[in-house]
Student: 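Sharing a structure, written as structure tokens. Questions coming.
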Amino acid sequence: MGPLASARSEVAAGSENGSQPRETEAAGVSDEAIAAFVGRVREEGARLYRDLPWRNTRDPYAIWISEVMLQQTQVARVLTRWERFMKRFPSVDALSAAAVADVVDEWQGMGYNRRALALKRAADICSAEYGGALPTGVEALRALPGIGDATAAGITAFSADVPCVYIETNVRAVFIHEFFPEAERVTDKELRPLVGRACPDEDVRGWYYALLDVGAHLKKTHANPSRKAAVYTRQSAFEGSRRQKRAWVLREVMARPGLSTAEIHRSLNAAELAAGRDRVSGEELDSILAALSKEGFFSFADGGWRA
DNA sequence: ATCCGGCCTG
DNA sequence: CAGGCGGGAT
């Protein structure tokens, strides 16, 4: 029995449950249909293959960094940053030895700065507990900060070629397009058995590259099928948002360590006014500083904020 | 405006 | 389960 036995039997069991509304649409998919689908994706994936730099390594660390960067950041931007990051922090131990501020600094421009903190924390754990290597297996990876189901499976598939259920937006797009064409809302719980059944025992890495490439292509030629995923949510506007101010405050403190709250408030208001927006209340700035401080980006000492 | 090879917290 | 979290490319 391979590691996906549970996913496979889940489907077998699910097919006897006629009360689920979508059984007729997807869970009743035959093994032959899955095999045909796999063949088509493999074929189209070969034509659409993207030779991305992080695909030319099996180093779990390098792949981990790429997977975290690719969490909600598009390939085109990661392409401009992955090698630079790898050069500056070439290994788990190098990342662990670095200062938090340097990791956050390197991350600037990637978005979702929390990922940099999680990366650094996970590196510390790996350095201390796993001798500077990443743990193996989805479970152990999943336990590290910043690594969820998708990233754990991605690292496992791409570095170890071990069968696993890797579900992210491109994979969702392909499976929804193929198996849930009429559905309005598809949950990962519904996708998981199918993704598990489709995953091969060998060349897992090639299989998921094909899925990613076909999914990315699908979104260019069709309305994004991932929009029908239950987890799909649209984000509120960035311009003028708290998130924008928060990112601005972090950059400001990184650039000019030791700033007082009042000084940050003054320059933030200047920036907001220059952008044609209202002043920011002291309460909002305090709240932002408290959040950034609590999350570990920086702290207050000697009258100023610094990383 | 849309959306990105998601994760974490309440 | 909902909401917060970046910022650039198209």
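All values derive from a computational prediction rather than experimental measurement. So that the names make sense, note that chain A is the first sequence line, chain B the second, and so on, each numbered from 1.
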Student: In residues 221-253 of chain A, which residues come under 4.0 Å of DNA chain C by heavy atom?
Tutor: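 Here the set is A/Gln235, A/Phe238, A/Arg242, A/Arg243, A/Arg246, A/Ala247, A/Arg251.
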Student: Strictly distance-based, threshold 3.5 Å: is any side-chain N or O of A/Ser226 a donor or acceptor partner for the main-chain N or O of A/Ala229?
Tutor: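 Not a single qualifying donor-acceptor pair exists.
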Student: Flag the pair A/Lys120 and A/Asp124 as a salt bridge only when some basic side-chain nitrogen lies within less than 4.0 angstrom of an acidic carboxylate oxygen.
Tutor: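 A/Asp124 and A/Lys120: salt-bridged.
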Student: Please state how far atom CZ in A/Arg115 lies from atom C1' in B/dG6, giving the value in whole angstrom units.
Tutor: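 Rounded to whole Å, this separation is 8 Å.
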Student: Taking heavy atoms of chain A and a 4.0 Å limit, find me the 5'-most and 3'-most nucleotide of DNA chain C within that range.
Tutor: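 Endpoints of the contacted stretch of DNA chain C: C/dG4 to C/dG8.
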Student: Give a yes-or-no answer on whether the side chains of A/Asp213 and A/His217 include a donor-acceptor pair shorter than 3.5 Å.
Tutor: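 A/His217 and A/Asp213 do not have a side-chain donor-acceptor pair below 3.5 Å.
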Student: Show me the side-chain donor-acceptor pairs of residues 284-294 of chain A shorter than 3.5 Å, one per line, residues at least two apart or across chains.
Tutor:
from: A/Ser287; atom 1: OG; to: A/Arg242; atom 2: NH1; distance (Å): 2.8
from: A/Ser287; atom 1: OG; to: A/Arg242; atom 2: NH2; distance (Å): 3.2

Student: Is NZ or CZ of A/Arg50 both nearer than 6.0 Å to the six-membered ring centre of A/Tyr209 and within 45° of the ring axis?
Tutor: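 Pair A/Arg50/A/Tyr209 does not count as cation-pi.
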Student: Is there a donor on the side chain of A/Glu67 or the base of B/dG5 sitting less than 3.5 Å from an acceptor on the other?
Tutor: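 Yes, the side chain and the base share a sub-3.5 Å donor-acceptor pair.
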Student: Applying a 4.0 Å non-hydrogen cut-off, can you work out what A/Gly148 is touching in the nucleic acid: base, sugar-phosphate, or nothing?
Tutor: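 Sugar-phosphate, no base atom in range.
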Student: What is the distance, rounded to the nearest whole Å, between atom CH2 of A/Trp54 and atom P of B/dG5?
Tutor: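 Checked: the CH2 to P distance equals 9 Å.
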Student: Which of residues 70-86 of chain A have a heavy atom under 4.0 Å from DNA chain C?
Tutor: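 Heavy-atom cutoff 4.0 Å gives A/Gln72, A/Thr73, A/Gln74, A/Arg77.
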Student: When only distance counts, do a donor and an acceptor, one from the side chain of A/Tyr166 and one from the base of B/dG5, lie under 3.5 Å apart?
Tutor: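 Indeed there is one.
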Student: What residues, two or more places apart in sequence or in another chain, satisfy ring pair (Phe, Tyr, Trp, His ring centres under 6.0 Å) together with A/Phe298?
Tutor: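 For A/Phe298 the ring pair (Phe, Tyr, Trp, His ring centres under 6.0 Å) partners, ignoring immediate neighbours, are A/Trp305.
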Student: Under a 3.5 Å cutoff, is there a donor and acceptor pairing between the side chains of A/Arg81 and A/Gln108?
Tutor: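 The answer is no; no qualifying pair exists.
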Student: Is a side-chain donor-acceptor pair under 3.5 Å present for A/Gln72 with A/Arg115?
Tutor: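 Note: A/Arg115 and A/Gln72 side chains miss the donor-acceptor criterion.
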Student: Do any side-chain nitrogens or oxygens of A/Thr169 fall under 4.0 Å of OP1 or OP2 in B/dG5?
Tutor: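 For B/dG5, OP1/OP2 do not have a side-chain N/O of A/Thr169 under 4.0 Å.
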Student: Within this structure, what is the CG-to-P distance between A/Asp149 and B/dG5, rounded to whole angstrom?
Tutor: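 Rounding to the nearest Å, CG of A/Asp149 and P of B/dG5 are 19 Å apart.
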Student: Base, sugar-phosphate, or nothing: which does A/Gly215 touch, judged by heavy atoms less than 4.0 Å apart?
Tutor: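 A/Gly215: no heavy atom of the nucleic acid under 4.0 Å.
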Student: In whole Å, measure the gap between the C1' atoms of B/dC4 and C/dC5 for me.
Tutor: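 Straight-line distance between the two C1' atoms is 14 Å.
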Student: Run the side-chain contact (heavy atoms from CB on, under 4.5 Å) test against A/Lys228 and tell me which residues pass, sequence neighbours left out.
Tutor: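 A/Ile176.
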Student: Between C/dG6 and B/dT2, how many Å separate the two C1' atoms, rounded to a whole number?
Tutor: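 After rounding to an integer number of Å, I get 15 Å for this pair.
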Student: Take atom CG of A/Leu212 and atom P of B/dC4, then tell me their distance rounded to the nearest Å.
Tutor: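 Taking atom P of B/dC4 as the reference, CG of A/Leu212 is at 12 Å.
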Student: Ignoring hydrogens and angles, tell me if any N or O in the side chain of A/Ser66 forms a donor-acceptor pair with the backbone of A/Ile63 under 3.5 Å.
Tutor: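 Yes, because the side chain of A/Ser66 sits within donor-acceptor range (under 3.5 Å) of the backbone of A/Ile63.
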Student: Using 30° and 60° as the class boundaries, would you call the ring planes of A/Phe158 and A/Tyr166 parallel, tilted or perpendicular?
Tutor: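 Because their plane-to-plane angle is over 60°, the rings of A/Phe158 and A/Tyr166 count as perpendicular.
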